[in-house]
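Positions are given from 1 along the sequence. These values consider heavy atoms only, across backbone and side chains, with no hydrogens, waters or symmetry-generated copies.
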Amino acid sequence: MTVTLYVCITCRAGETIGEGEATPGKRLHGAILDAGVPDGVSVVPVECLSACSQGCSVALSAPGRWSYVYGRLSEAHANDVVAGVAAYAAAPDGLVPWRSRPEIFRKQSLARIPPIAVVPEAAE
């Protein structure tokens, strides 16, 4: 089962970005890739997670698991994000015990979304 980490690359985190400069979101994305993610984790850059007032944000999901959105992140948090992703990937339902989460995953959660139920197609 693939775990997906979505990283908002358009996040400006309140900064004024000069011509040709990378956004804080793109820097976070690069730092996460540089830190290395566990096998079975896909890192996907996205245009916007609609958490603009919360600094850089990421979302974490997998089929049949709880999903999460985290904010107030920067490239300095890349190793903690990777540690949190690894713990999430190891949890069959996406619920990582509180004490097993990196601090940013305990204190900077913006949303927790229940697993999306698979609805069987209507019979024809």
Side-chain angles (χ1 to χ4, degrees):
M1 179 181 306
T2 299
V3 169
T4 305
L5 175 67
Y6 300 95
V7 181
C8 178
I9 60 169
T10 56
C11 285
R12 294 178 176 268
E15 293 181 18
T16 302
I17 307 302
E19 182 79 26
E21 290 181 8
T23 62
K26 281 185 183 176
R27 294 193 309 261
L28 173 60
H29 178 257
I32 290 168
L33 293 176
D34 289 346
V37 293
D39 289 338
V41 174
S42 176
V43 180
V44 178
V46 294
E47 293 274 325
C48 185
L49 290 172
S50 291
C52 303
S53 66
Q54 298 296 321
C56 293
S57 58
V58 300
L60 189 54
S61 68
R65 297 182 190 201
W66 283 81
S67 297
Y68 295 87
V69 179
Y70 299 99
R72 301 181 301 280
L73 302 172
S74 73
E75 60 193 297
H77 295 113
N79 288 327
D80 288 333
V81 170
V82 169
V85 169
Y88 177 86
D93 55 4
L95 296 172
V96 178
W98 179 259
R99 293 183 192 265
S100 299
R101 299 176 196 172
E103 186 172 350
I104 61 168
F105 276 28
R106 285 186 239 151
K107 301 197 176 204
Q108 292 168 224
S109 177
L110 303 180
R112 184 175 101 149
I113 304 155
I116 297 173
V118 177
V119 180
E121 292 185 36
E124 292 183 41

key: ILVMFWY cluster, F105 and V37 together (side-chain gap under 4.5 Å)   = yes
key: By salt bridge (charged side-chain N to carboxylate O under 4.0 Å, His left out) - contacts of R101 (at least two apart)   = none
Less than 3.5 Å apart, which donor and acceptor atoms pair up between the side chains of residues 80-96 and the rest of the protein, not counting sequence neighbours?
residue	atom	partner	partner atom	Å
Y88	OH	A62	N	3.2
Y88	OH	W66	O	2.5
D93	OD1	L95	N	2.9

request  = Check the hydrophobic clustering (I, L, V, M, F, W, Y; side-chain heavy atoms under 4.5 Å; chains of links allowed) and say if L60 and L73 are grouped together.
outcome  = yes
request  = List the atom of A22, the atom of R27, and the distance in Å for their closest heavy-atom pair.
outcome  = O-NH1, 3.0 Å
query = For the hydrophobic clusters of this structure (ILVMFWY residues joined by side-chain heavy atoms under 4.5 Å, transitively), does one cluster hold both V41 and V69?
reply = no
task = Measure the spacing between CD of Q108 and CD of E103 and express it to the nearest 0.5 Å.
result = 8.0 Å
key: Hydrophobic cluster membership, Y6 vs I104, 4.5 Å side-chain cutoff   = no
ask   = Taking atom CG of N79 as the centre, does the number of heavy atoms from other residues, nucleotides or ligands within less than 6.0 Å exceed 12?
value = no
Heavy-atom pair with the smallest gap, counting every atom of S74 and L28 = O-CD1, 3.2 Å
Can you give each donor-acceptor pair under 3.5 Å made by side-chain atoms of residues 49-56, sequence neighbours left out, with the distance rounded to 0.1 Å?
residue	atom	partner	partner atom	Å
Q54	OE1	R72	NH1	2.8

task = Decide whether V3 and L33 are clustered together by the hydrophobic rule: side chain heavy atoms of Ile, Leu, Val, Met, Phe, Trp, Tyr closer than 4.5 Å, transitively.
result = yes
query = Going from CZ on R12 to CD on E21, what distance comes out if it is rounded to the nearest 0.5 angstrom?
reply = 10.0 Å
